Amino acid sequence: MVIEQVIEKVKNRDPDQKEFHQAVWEVLESIEPVLKKNPQYMKAKILERIVEPERQIMFRVPWTDDKGEVQVNRGFRVQFNSAIGPYKGGLRFHPSVNLSTMKFLGFEQTFKNSLTGLPMGGGKGGSDFNATGKSESEVMRFCQSFMMELYRHIGPDTDVPAGDIGVGGREIGYLFGMYKKLQNEFTGVLTGKGRNWGGSLIRPEATGFGVVYYTQEMLRTDNLDIKGKTIAISGFGNVAWGVAKKCEMLGAKVVTLSGPDGYIYDENGVTGAKVDYMLQIRASGNDCIKDYADKYDVPFFPGERPWSVKCDIAIPCAIQNELGLDDAKKIIDNGCKYVTEAANMPCTAEAVEYLLKNGAMVAPAKAANAGGVATSGLEMSQNSMRLSWNAEEVDTRLHQIMVNIYKNCYDSAEKYGHKGNLIVGANIAGFVKVADAMLEQGIV
Ligand code: GLU
């Protein structure tokens, strides 16, 4: 079968790119029923083409630290697919960044962006730069050096990067400043900008809000409401923050947060000033959650993940493959029936299989966390029109986009004989739109 052949070829070409193999396998194995009904995709070699990035750029990022020593990092931009719009996707600054993680993220982004219904292709970039313990001026010099190379590859109609892990409003500011200086142009070349210089309201909250809106739709399928539900989440960055904020607004209780150092359990819920405190610990650059336990006098579990806690909904918000088979078993043992992937590919393939086999509903990342990039798309529209919408207008559009994505996933799964399997539904719906655009544009 063509699917197996394509997966084999991907593995043989780049045997060490494990995360990329995992992402390719997960998408391709879902779309078999679509290929059977649409032989034109095989004829035009859509699978072979869709797994190969259109362009991948790797570059040296030299910068000087506060001691005057020269440091060298590696920079990436993988421009994966531009069939439905300019490349679009975040920049990740994290020590785990390499070509495999960049390719898996760019590949996922292609289908995620397709699901939003907005005209955005897929891309991803970043660096193995570790911001932990770096001073403000070191971060600035790094961002400036990164942009000194990246600027020649991007543009408002070519490729529009944004934030991801390790890249927030501060970094986008430094990157934008350098782009503007080099190009002598003020354009919407990046999203996630500050609100006084072209950023969209709600963009900082958007990924987390979208995750909760999608979760609400999933619960609605079973005639349930998120109000009164207990929720375990991991991470404490931008996505986790948005989830906690929206959960509080809707009357649900988030009881855990986690960092590389362990997790905290707050039985009264992460609410009010505690939600804002998440931003402070993130801004401190220490990357540990124990500070929360010290400040609010709640239990801290060093070196552990939060998945053994009893909850109604589990929402991994940290990083790829953070939720494995053992975690999935604990989640099921605790009677939890809903898992929403808020980080990109946070569940391993074994974990997903176990959750599904044991009757849980799994909301896949490329659908559930699409609210961030969707709101980036709304930022691009506002920049092009040179106007800005108020918070309510952006939030209403975001909500409607998430409702549409859920419906699209649910209906596509049902149409192809996998009722209730949102993973299959998301992969099919995301794939078909990109594949049709590629067909219509010929062999390019
Ligand atoms: N990094 C986010 C994601 O994984 C947002 C990307 C964007 O806004 O372009 O979707």
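Counting starts at 1 for both ligands and their atoms, following the listed order. Model, not experiment: these values are computed from the prediction.
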Open item on the list: Does only the side chain of Arg92 get under 4.0 Å from ligand 1, or the backbone, or both, or neither? Count heavy atoms.
Closed with: neither
TODO: Just do the ring pair (Phe, Tyr, Trp, His ring centres under 6.0 Å) check on Phe236 and Tyr263 with the steps written out, would you?
DONE: CA-CA 10 Å; Phe236 67 97; Tyr263 81 93; over 10 Å; no
Task: Sub-4.0 Å heavy-atom approach of Gln109 to ligand 1 - done: yes
Task: Qualifying ring pair (Phe, Tyr, Trp, His ring centres under 6.0 Å) pairs with a residue from residues 116-138, counting only residues at least two apart or across chains - done: Trp63-Phe129, Phe129-Phe142
Open item on the list: Below 3.5 Å, N or O to N or O, backbone or side chain included: is there any such pair between Lys112 and ligand 1?
Closed with: yes
- [ ] Please write down residue, atom name and distance for the protein heavy atom closest to atom 6 (C) of ligand 1.
- [x] Gly90 N, 3.5 Å
Open item on the list: Does only the side chain of Asn344 get under 4.0 Å from ligand 1, or the backbone, or both, or neither? Count heavy atoms.
Closed with: side chain
Open item on the list: Glu341: which residues meet the salt bridge (charged side-chain N to carboxylate O under 4.0 Å, His left out) condition with it, sequence neighbours left out?
Closed with: none
Open item on the list: Considering non-hydrogen atoms of the protein only, which is the closest contact for atom 9 (O) of ligand 1, and what is the distance?
Closed with: Lys88 NZ, 2.7 Å
Task: Neighbour count >12 (heavy atoms, 6.0 Å) for atom NZ, Lys433 - done: yes
TODO: Check whether any N or O atom of Pro161, backbone or side chain, sits under 3.5 Å from an N or O atom of ligand 1, and answer yes or no.
DONE: no
Open item on the list: Between ligand 1 and Lys124, can you find any atom pair, the residue atom being a heavy atom, that is separated by under 4.0 Å?
Closed with: yes
Task: For Ala162, the ligand 1 atoms whose distance to one of its heavy atoms is below 4.0 Å - done: 7 (C), 8 (O), 9 (O)
Task: Chi angles and distances behind the side-chain hydrogen bond (donor to acceptor under 3.5 Å, both in side chains) call for Lys366, Ser114 - done: CA-CA 10 Å; Lys366 61 173 77 66; Ser114 160; over 6 Å; no
- [ ] Give the C-alpha distance, both sets of side-chain angles, the deciding distance and a yes or no for salt bridge (Lys or Arg N to Asp or Glu O under 4.0 Å) between Asp287 and Arg282.
- [x] CA-CA 6 Å; Asp287 207 17; Arg282 172 60 59 203; 3.4 Å; yes
TODO: Could you tell me whether Arg203 approaches ligand 1 through its side chain, its backbone, both or neither, with non-hydrogen atoms closer than 4.0 Å?
DONE: side chain
Open item on the list: Quick one, Glu248 with Lys245, criterion salt bridge (Lys or Arg N to Asp or Glu O under 4.0 Å). Give me CA distance, side-chain angles, the key distance, then yes/no.
Closed with: CA-CA 5 Å; Glu248 184 183 11; Lys245 202 166 161 172; over 6 Å; no
Task: Side-chain (Asn408) to main-chain (Asn404) donor-acceptor, under 3.5 angstrom - done: no
- [ ] Please write down residue, atom name and distance for the protein heavy atom closest to atom 8 (O) of ligand 1.
- [x] Ser376 OG, 2.6 Å
